[in-house]
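Report on the following structure.
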Amino acid sequence: MKVLLVEDDRTIAAGLDYSLRQDGYDTVVCHNVESAGRVIDDRLNDIDLCLFDLSLPDGSGYDLCERVKKREDKPVIFLTAFDDEVNVVMGLDMGADDYITKPFRVRELLSRIKSVLRRYQKQAEPIKTYIDIETIRINTLEGKVLKNGEEVLLTALEYRLLMIFANHIGQVLTRAQLLDRIWDVAGDFVNDNTLTVYIKRLREKLEADPQNPVIIRTVRGMGYKAGQ
């Protein structure tokens, strides 16, 4: 996922850039309307979500939001220091999807980003009936998992964890990202030790050789990856 971040405070921008990249996002950082406008004109197709500071030295986030929405329906979140109803309503009326008031916690912003992206993905993406990973086929409509054509019985949490991998085939997911996504989907507390146990169980049920996994691979020093 690529995020266009427009923030004139370079310290805040650098911190957000670092946090977004740590959470697996690719970022394009701009500090004013002029440079952001060039990105919107030339590279909007590559952008998945926009984070716009409202107050910029050569204009405002409102200008950028309007520019984006005229071109394409991309999600926009405003970063604002103005916690008054007029500014918030104006931004939402222009098509912004959410706003967050400074100062804010990075984890809260990441949660808002995920929520907005999920809404857009549900609107835009066709439902995948089947997802294949090596010898495993997941029937998403029926919630069934087949190994070489034979059904494998998974617990609810095992299935949720497998679906996280299935929706990110080929992408390295850190343990922190997996824990965050399981919490987000299930609403249940899952700690680091529990995650280790569930990955081990999935491998025992799905892999031909659990000691040498090819479906859920360990990427040393980084995390895990499904498939090649």
Side-chain angles (χ1 to χ4, degrees), residues 1-8 12-54 56 59-80 91-100 102 104-128 131 140 163-174 176-185 222-227:
M1 288 287 180
K2 183 168 287 189
V3 175
L4 172 59
L5 168 62
V6 187
E7 167 62 64
D8 65 322
I12 294 175
L16 290 176
D17 180 32
Y18 175 80
S19 297
L20 287 165
R21 289 183 180 276
Q22 286 293 103
D23 208 57
Y25 296 98
D26 190 10
T27 57
V28 179
V29 181
C30 299
H31 302 292
N32 53 45
V33 169
E34 182 182 1
S35 59
R38 288 196 295 269
V39 174
I40 292 169
D41 290 343
D42 299 337
R43 302 166 56 189
L44 186 59
N45 287 342
D46 298 330
I47 302 298
D48 296 292
L49 180 138
C50 303
L51 286 176
F52 293 152
D53 185 17
L54 273 186
L56 295 165
S60 77
Y62 296 135
D63 302 325
L64 293 174
C65 179
E66 186 175 20
R67 198 162 174 171
V68 167
K69 294 295 183 177
K70 282 183 177 178
R71 289 275 308 276
E72 200 169 337
D73 187 21
K74 298 280 185 175
V76 173
I77 298 176
F78 282 136
L79 310 176
T80 175
L92 296 177
D93 284 347
M94 292 183 68
D97 298 274
D98 203 351
Y99 73 96
I100 188 166
K102 300 175 186 177
F104 52 81
R105 293 177 300 172
V106 171
R107 193 164 185 82
E108 181 184 358
L109 175 61
L110 293 174
S111 177
R112 299 282 191 95
I113 289 173
K114 289 170 186 172
S115 177
V116 169
L117 286 173
R118 276 198 300 272
R119 292 203 301 268
Y120 271 75
Q121 288 166 350
K122 286 178 181 177
Q123 294 169 8
E125 292 183 358
I127 297 174
K128 294 181 181 178
I131 301 175
T140 58
M163 284 304 300
I164 292 169
F165 282 115
N167 287 320
H168 298 83
I169 292 175
Q171 178 182 337
V172 177
L173 297 172
T174 66
Q177 288 173 321
L178 290 169
L179 285 167
D180 182 67
R181 285 171 168 82
I182 292 175
W183 176 284
D184 188 50
V185 174
M222 297 180 67
Y224 302 92
K225 180 174 71 170

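- Panel note: side chain Lys69, backbone Lys74; a donor-acceptor pair is recorded below 3.5 Å.
- For the residue pair Tyr120/Asp48, the side-chain donor-acceptor check at 3.5 Å is not satisfied.
- Using a 4.5 Å heavy-atom threshold, the side chains of Val39 and Val6 count as separate.
- Taking every heavy atom of both residues into account, Val106 and Ser19 meet most closely at CG1-CB, 3.4 Å.
- Atoms CD and CG, from Gln22 and Leu110 in turn, are 11.0 Å apart once rounded to the nearest 0.5 Å.
- Of all the heavy atoms in Pro75 and Asp97, the pair that sits closest is CA-OD2, 3.1 Å.
- Of the inter-residue distances, the one linking Leu56 atom CG with Glu7 atom CD reads 7.5 Å to the nearest 0.5 angstrom.
- Among residues two or more places apart in sequence or in another chain, the side-chain hydrogen bond (donor to acceptor under 3.5 Å, both in side chains) test is passed with Asp46 by none.
- With contacts defined as side-chain heavy-atom distances shorter than 4.5 Å, the pair Leu51/Leu20 qualifies.
- When the side-chain hydrogen bond (donor to acceptor under 3.5 Å, both in side chains) test is applied to Arg71, no partner is found at least two apart in sequence or on another chain.
- Taken from OG1 in Thr27 to CG in Asp17, the straight-line distance is 3.5 Å, to the nearest 0.5 Å.
- Counting non-hydrogen atoms of neighbouring residues, nucleotides and ligands closer than 6.0 angstrom, the OH atom of Tyr18 reaches no more than 12 such neighbours.
- Nearest approach of Cys65 to Ala96, heavy atoms of both residues: SG-N, 4.0 Å.
- Atom CD1 of Ile169 sits about 6.5 Å away from atom CD1 of Ile131, to the nearest 0.5 Å.
- Applying the side-chain hydrogen bond (donor to acceptor under 3.5 Å, both in side chains) rule to His31 yields the partners Arg10; only residues at least two apart in sequence or on another chain are considered.
- Lys114 and Tyr25 make their closest contact through CG-OH, 3.5 Å (heavy atoms, listed as atom of the first residue, atom of the second, distance).
- Here the shortest heavy-atom pairing between Ala13 and Val29 reads CB-CG1, 4.1 Å.
- Across every non-hydrogen atom of Leu178 and Tyr224, the tightest pair is CD1-CD1, 3.8 Å.
- In this structure, Asn32 CG and Leu64 CG are separated by 9.0 Å, a value rounded to the nearest 0.5 Å.
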Step by step, would you call Leu44 with Leu4 a side-chain contact (heavy atoms from CB on, under 4.5 Å)? CA-CA 9 Å; Leu44 186 59; Leu4 172 59; 5.9 Å; no

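- Using a 4.5 Å heavy-atom threshold, the side chains of Arg21 and Asp26 count as touching.
- Asp23 has no carboxylate O lying under 4.0 Å from a charged side-chain N of Arg107, or vice versa, which leaves the two without a salt bridge.
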As a quick check of understanding, evaluate side-chain contact (heavy atoms from CB on, under 4.5 Å) for Ser111 and Glu108, giving each step before the final call. CA-CA 5 Å; Ser111 177; Glu108 181 184 358; 5.6 Å; no

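- Atoms OG1 and CZ, from Thr80 and Phe104 in turn, are 10.5 Å apart once rounded to the nearest 0.5 Å.
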Lys2 vs Arg43, test: side-chain contact (heavy atoms from CB on, under 4.5 Å). Steps then yes/no. CA-CA 11 Å; Lys2 183 168 287 189; Arg43 302 166 56 189; 4.0 Å; yes

Go through the steps to decide whether Glu72 and Asn45 satisfy the test side-chain contact (heavy atoms from CB on, under 4.5 Å), and finish with yes or no. CA-CA 8 Å; Glu72 200 169 337; Asn45 287 342; 3.1 Å; yes

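- Ring geometry for Phe52 versus Phe78: interplanar angle of 30 to 60°, hence tilted.
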